[in-house]
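I have placed the structure first, in the form of structure tokens, so that the comments after it can refer back to it.
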Amino acid sequence: MTAIHLQLTEAVGNAFAALSLSADFGLVSRSSRDGSAPFQCNGCMAAAKLAKSNPRELAARIADELKDHPLIASLEIAGPGFLNITPAPDLLATQANALAADARTGASRVGDPKKIVIDFGGPNVAKPMHVGHLRSSVIGDALQRLLRFVGHDVVSDIHLGDWGLQMGQLITELQIEQPDLIYFDADFGGPWPDNAPVDIDDLSRMYPAASMACKSDPDRMDIARKATAELQAGRAGYRALLDHFIAVSIAALKIDFGNLGVHFDLWKGEAAVDPLIKLMVEKFKQDGFTEMSQGALIIRVAEEGDKKELPPLILISGAGAALYATTDLATIQDRVQNIDPDIILYVVDLGQASHFEQVFRAAAKTGLFAQEGLEHIKFGTVNGKDGKRFRTRSGGVMRLSDLLGQANEAAMARLSAAGLASGMDAEEKSEIARMIGLAAIKFADLRNVRTTNYVFDIERFTEFEGKTGPYLLYAAVRMKSMLRKAEAAGIIASKIIPEAGAEKTLVLMLDNFDHALKGATTKRHPHILCEHLYELAQTFSKFYASCPVLSAESTQLQASRLNLVQTSLRQLETGLELLGIETPERM
RNA sequence: GGUCCCAUAGCUCAGCUGGAUAGAGCGUCUGCCUUCUAAGCAGAAUGCCGCAGGUUCGAGUCCUGCUGGGAUCACCA
């Protein structure tokens, strides 16, 4: 099926073409004004400018072309040359029933599916998850769901941070705490113990300690650097320790991400591509892409015509270690070999824009991957209420589980205060509170344009009024409740006949789903879908308030409205699912 | 200092290829629960779209300069 605005675009485009003008001028969109016709076309002004003619005259000629068009009930010319278009009444009805009959409620699939790797989450081993990871996870998860839904072949990868200096820091921290462990015996060759010498609590305590110690003590930092280089050179005891660290971290992360409802196809990390690095670097050397500079092996990525001076990418540090950019390049190679994607998306904060610029250019220069296929899906920094960048303070670590717990509590309190979940047993109530809390957090995050900075404010996360996740859930739950009652009353949904204003508006809103999905997926901007779902819920609430369903005056009207409710619910639930938000049966 | 991003209602934010009277939510004010869940609905007030120029029939949107805030500028990730 094709959305009404696209059908109209074709019709108006043909009218332009009939006058030997580009059909592109025929673009029809939702009207920007209330009270006038629901659709408008602004192409006459642009076309007239190009043809050096009068826009109103052109508009009149277009209107003449479309005079008896079956899709168009009326067409008015306004202002300098706007076309205000009212679609034929039966078009609205036809569309309503097509949406109702479509399992995807109007959502189309892309014509050219791509294989897309999406790299997000990116938590570090031992380093606790903070709000930045939450943002990457929530946005990345929404994008993977969206891109899959419109037909792309998507592979998601958590891309664990498990290979850098932090590992050397951790290893040396453990050595200071427990110097007698067998892992530190350079002469011992294995086999290594099966059980990890540390648990997740040890790791989350040790990392900040090690990090601080290295910051204040250059000697301590040198030891950590050396350990990092040794680890990467293949020291068996260190590698065995690293494997323990990774396993312990992944076990904990799986619980965290499970609670968030975020899924990854791959749980690979930087360490996984270590075996590729040596050969890759060798090849880069042979092909003449590298050079030595100040003791480090680099790839120059600056290009002529650059406005900014882009520093070279450092492949191997002076201490002989692979760095962030090195593993990123090796990861691209790994993905090409194992997945062969068309596109790789990196959902990472915008502070790393120049890092990705370097990596993308190096990848293109060395022939690893075409630059057009590499996209940095950047998002704003997470700020505190003071507007400054949110940083984990030395003691106060922001744990994901704490955040979810707070949202959960707020949801529970709100349920009780509103008397909404009365009559439910404790188990159901807490399950509902969990869904509401998660919806609050995810929607609060996703509804912002991802590139702007984001104020982390727990109050705002758990606000349940207005443009929020819980409002959307509430709308969905009211629909579900109505459907249950209709079923009990034996009312069967049937042909939709949009009559009342609220009904027509609702149909038009439902018909806009596909447009929102296209915007959200092609721009990688989930907030466009958020906006649509909020408008849908709002439009439905107006319909709900003004159009009784179960007590409508005729069976025909009951059946028509019930069908509208069913279709609205299906679209709302589909959309929420694409955002990673679950809908309860009642609340 | 160089480069990039941001600046819209008291607060948090939308604003799609440049289009008509710049929109939501929160907060404030007024109504609406014996009727499908009031976390809702109906209505009201609220703006030198940071400042100054430019491009044009038309600029919140594009260009230049300025102010203010943020990010980043080779061996952390």
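The chains referred to below are lettered A, B, ... by the order of the sequence lines, with proteins before strands, and numbering in each begins at 1.
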Checklist entry - Contact class for A/His527 (heavy atom, under 4.0 Å): base, sugar-phosphate, or nothing? => result sugar-phosphate
Checklist outcome for this item: Here the gap from A/Leu313 atom CG to A/Thr290 atom OG1, rounded to the nearest 0.5 Å, amounts to 11.0 Å
Next on the checklist: What's A/Leu165 touching, base or sugar-phosphate or nothing? Going by heavy atoms closer than 4.0 Å.
Outcome noted: sugar-phosphate
Checklist entry - Hey, does A/Ile436 reach any base, or is it just sugar-phosphate, or nothing, if we go heavy atoms under 4.0 Å? => result base
Item to check | Face-to-face stacking of A/Tyr544 with B/G40, centres under 5.5 angstrom, angle under 30° | outcome: no
Checklist entry - Within 45° of the six-membered ring axis of A/Tyr544 and under 6.0 Å from that ring's centre, is NZ or CZ of A/Arg478 located there? => result yes
Item to check | Euclidean distance, A/Gln169 CD relative to A/Tyr207 OH, rounded to 0.5 Å | outcome: 5.0 Å
Checklist entry - Reckon A/Ala46 touches a base, only the sugar-phosphate, or nothing at all at heavy-atom distances under 4.0 Å? => result base
Next on the checklist: On the side chain of A/Ser317, is there an atom forming a donor-acceptor pair with the base of B/A74 - under 3.5 Å, no angle test?
Outcome noted: no
Checklist entry - NA contact type, A/Leu323, heavy-atom cut-off 4.0 Å: base, sugar-phosphate, or nothing? => result sugar-phosphate
Item to check | Pairwise P distance, B/A59 and B/C66 [rounded to whole Å] | outcome: 24 Å
Next on the checklist: Base, sugar-phosphate or nothing for A/Cys547? Non-hydrogen atoms, less than 4.0 Å.
Outcome noted: base
Next on the checklist: Would the base of B/U37 count as contacting A/Arg586 through its side chain, where contact means a donor and an acceptor less than 3.5 Å apart?
Outcome noted: no
Checklist entry - If you look at every strand shown and take non-hydrogen atoms under 4.0 Å, does A/Val449 touch a base, only sugar-phosphate, or nothing? => result sugar-phosphate
Next on the checklist: Between A/Glu291 and A/Lys285, does the salt bridge (Lys or Arg N to Asp or Glu O under 4.0 Å) criterion hold? Intermediate values first, please.
Outcome noted: CA-CA 8 Å; A/Glu291 60 186 90; A/Lys285 274 190 195 166; over 6 Å; no
Next on the checklist: Let's test this: given Watson-Crick or G-U wobble pairing with both distances under 3.5 Å, identify the partner of B/U67.
Outcome noted: B/A7
Checklist entry - Looking only at atom C1', what distance separates B/U61 and B/G1, rounded to whole Å? => result 31 Å
Item to check | Polar pair under 3.5 Å, donor/acceptor by atom type, side chain A/Gln40, base B/A20 | outcome: yes
Next on the checklist: Counting the atoms with a prime plus P, OP1 and OP2 as sugar-phosphate, which does A/Leu415 contact under 4.0 Å by heavy atoms, base, sugar-phosphate, or nothing?
Outcome noted: base
Next on the checklist: I want to know whether A/Tyr471 and A/Tyr474 have ring centres closer than 6.0 Å.
Outcome noted: no
Item to check | Sugar-phosphate, base or nothing in reach of A/Leu310, heavy atoms under 4.0 Å | outcome: nothing
Next on the checklist: Over all strands shown, is A/Ser293 touching base, sugar-phosphate only, or nothing at heavy-atom distances under 4.0 angstrom?
Outcome noted: base
Next on the checklist: Regarding B/A20, can its base be found pairing with the side chain of A/Asn84 as donor and acceptor, where the two atoms are less than 3.5 Å apart?
Outcome noted: yes
Next on the checklist: So A/Gly318, base contact, sugar-phosphate only, or nothing? Heavy-atom distance under 4.0 Å.
Outcome noted: base
Next on the checklist: Looking at A/Lys49 and B/G58, is any side-chain donor or acceptor paired with a base atom of the opposite kind under 3.5 Å?
Outcome noted: yes
Checklist entry - When the C1' atoms of B/G60 and B/G19 are considered, how many whole Å apart are they? => result 13 Å
Checklist entry - Which part of the nucleic acid does A/Ala353 contact within heavy-atom distance under 4.0 Å: base, sugar-phosphate only, or nothing? => result nothing
Next on the checklist: Under 4.0 Å, heavy atoms only, any strand: does A/Tyr471 hit a base, just the sugar-phosphate, or nothing?
Outcome noted: sugar-phosphate
Next on the checklist: By the 4.0 Å heavy-atom rule, please label A/Ile316 as base, sugar-phosphate, or nothing.
Outcome noted: nothing
Item to check | Residues A/Glu465 and A/Arg414 bridged, charged N to O under 4.0 Å | outcome: yes
Checklist entry - Between B/U3 and B/C49, how far is it from one P atom to the other, in whole Å? => result 29 Å
Next on the checklist: Distance check, P atoms only: B/G31 and B/G70, in whole angstrom units.
Outcome noted: 46 Å
